[in-house]
Amino acid sequence: DTGVSQDPRHKITKRGQNVTFRCDPISEHNRLYWYRQTLGQGPEFLTYFQNEAQLEKSRLLSDRFSAERPKGSFSTLEIQRTEQGDSAMYLCASSLEGAVSSQYFGPGTRLLVL
Amino acid sequence: DAKTTQPTSMDCAEGRAANLPCNHSTISGNEYVYWYRQIHSQGPQYIIHGLKNNETNEMASLIITEDRKSSTLILPHATLRDTAVYYCIVRPPGAGANSKLTFGKGITLSVRP
């Protein structure tokens, strides 16, 4: 399957620890997005890359969050000093460059902060 | 904020058509209507999108009213695997800030045997 993949699928951590998630987009897609989804809500946009450039960040992305896409391929999302409120599903999506290109989502990483 | 309004939930019988409504009365002339669905514990799945003409693909049909203020997603023969949350999203064309998706709470479709 050549869809979007995310690793790990599940992560349990203690408050105050750092965590890092990885996203591998569909290989020819140069746009990559991160979203966060809490229970009962739709996904919320966090940040967006065009190739290796991070072009937009939501105000939801506090300074404890950092995302990178160093070679324009895979991306990482790091959360420092995790808080219980960070518990959520973190979703990655990718798309082709195009005015109306559709985004294709990975399975998500479910984070639980104890 | 999401620019769409959907009922909270609906159900339909397996094998029957499921018609999922969406209101987007403030849609702009260049904004597209997208539909995604999310099966429990999975990432959202793209279904279909359209601007003003009706669209059909292997998954569903999208009917957009002439004034573009509402649309209906039609699953012609619903199966139990179609049970999911369905999101109707409006999005302008383009890159950058325009390319992100703004999800609401969606409509939960339950297909009963």
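The model shown is predicted, which means the values in this text are computed figures rather than measured ones. The sequence lines fix the lettering, A, B, ..., with proteins before strands; numbering per chain opens at 1. What you see below is based on every heavy atom in this structure, not just the backbone, and it leaves out hydrogens, waters and symmetry mates.
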Note to self: How about CZ on B/R112, more than 12 heavy atoms from neighbouring residues, nucleotides or ligands closer than 6.0 Å, or not?
What the structure shows: yes

(request) Treat each ILVMFWY residue as a node, draw an edge where side-chain heavy atoms are under 4.5 Å apart, and state whether A/L32 and A/F21 are in one component. (result) yes

Rounded to the nearest 0.5 angstrom, the CZ-NZ distance for A/R31 and B/K100 is 13.5 Å

To the nearest 0.5 Å, atom CG of B/L101 lies from atom CZ of A/F105 at 5.5 Å

Original post:
Can you find a heavy atom in the side chain of A/Y35 that is under 4.5 Å from one in the side chain of B/F103?
Top reply: yes

Applying a strict 4.5 Å limit to non-hydrogen atoms, the region of A/P43 in contact with chain B is both

- Query: Honestly curious: do A/L114 and A/L111 fall in one hydrophobic cluster under the side-chain, below-4.5 Å linking rule?
  - Reply: no

Applying a strict 4.5 Å limit to non-hydrogen atoms, the region of A/S95 in contact with chain B is neither

### Message
Do B/L20 and B/L80 sit in one hydrophobic cluster, given that two such residues count as connected whenever their side-chain heavy atoms are within less than 4.5 Å of each other, even indirectly?
### Response
yes

Quick check on A/E68: does its CD atom have over 12 non-hydrogen neighbours (other residues, nucleotides or ligands) under 6.0 Å away? no

Practice item. Check the surroundings of atom CZ in A/R15: do more than 12 heavy atoms from other residues, nucleotides or ligands lie under 6.0 Å from it? Key: no

For residues 24-52 of chain B against chain A, heavy atoms under 4.5 Å, the residues are B/Y32, B/Y34, B/Y36, B/Q38, B/S41, B/Q42, B/G43, B/P44, B/Y46, B/H49

- [ ] Indicate, with yes or no, if B/I74 and B/I64 share a hydrophobic cluster defined by side-chain heavy-atom contacts under 4.5 Å among Ile, Leu, Val, Met, Phe, Trp and Tyr.
- [x] no

| In the single-linkage hydrophobic clustering (I, L, V, M, F, W, Y; side-chain heavy atoms under 4.5 Å), do A/L96 and A/W34 co-cluster? | no

Honestly, the part of A/E97 sitting under 4.5 Å from a heavy atom of chain B is neither

Closest non-hydrogen contact found for B/Y87 with A/Q37 is OH-NE2, 3.4 Å

- Determine whether more than 12 heavy atoms belonging to other residues, nucleotides or ligands lie under 6.0 Å from atom CD1 of A/I12. no

Between B/S99 and A/Y33, the two heavy atoms sitting closest are OG-OH, 2.9 Å

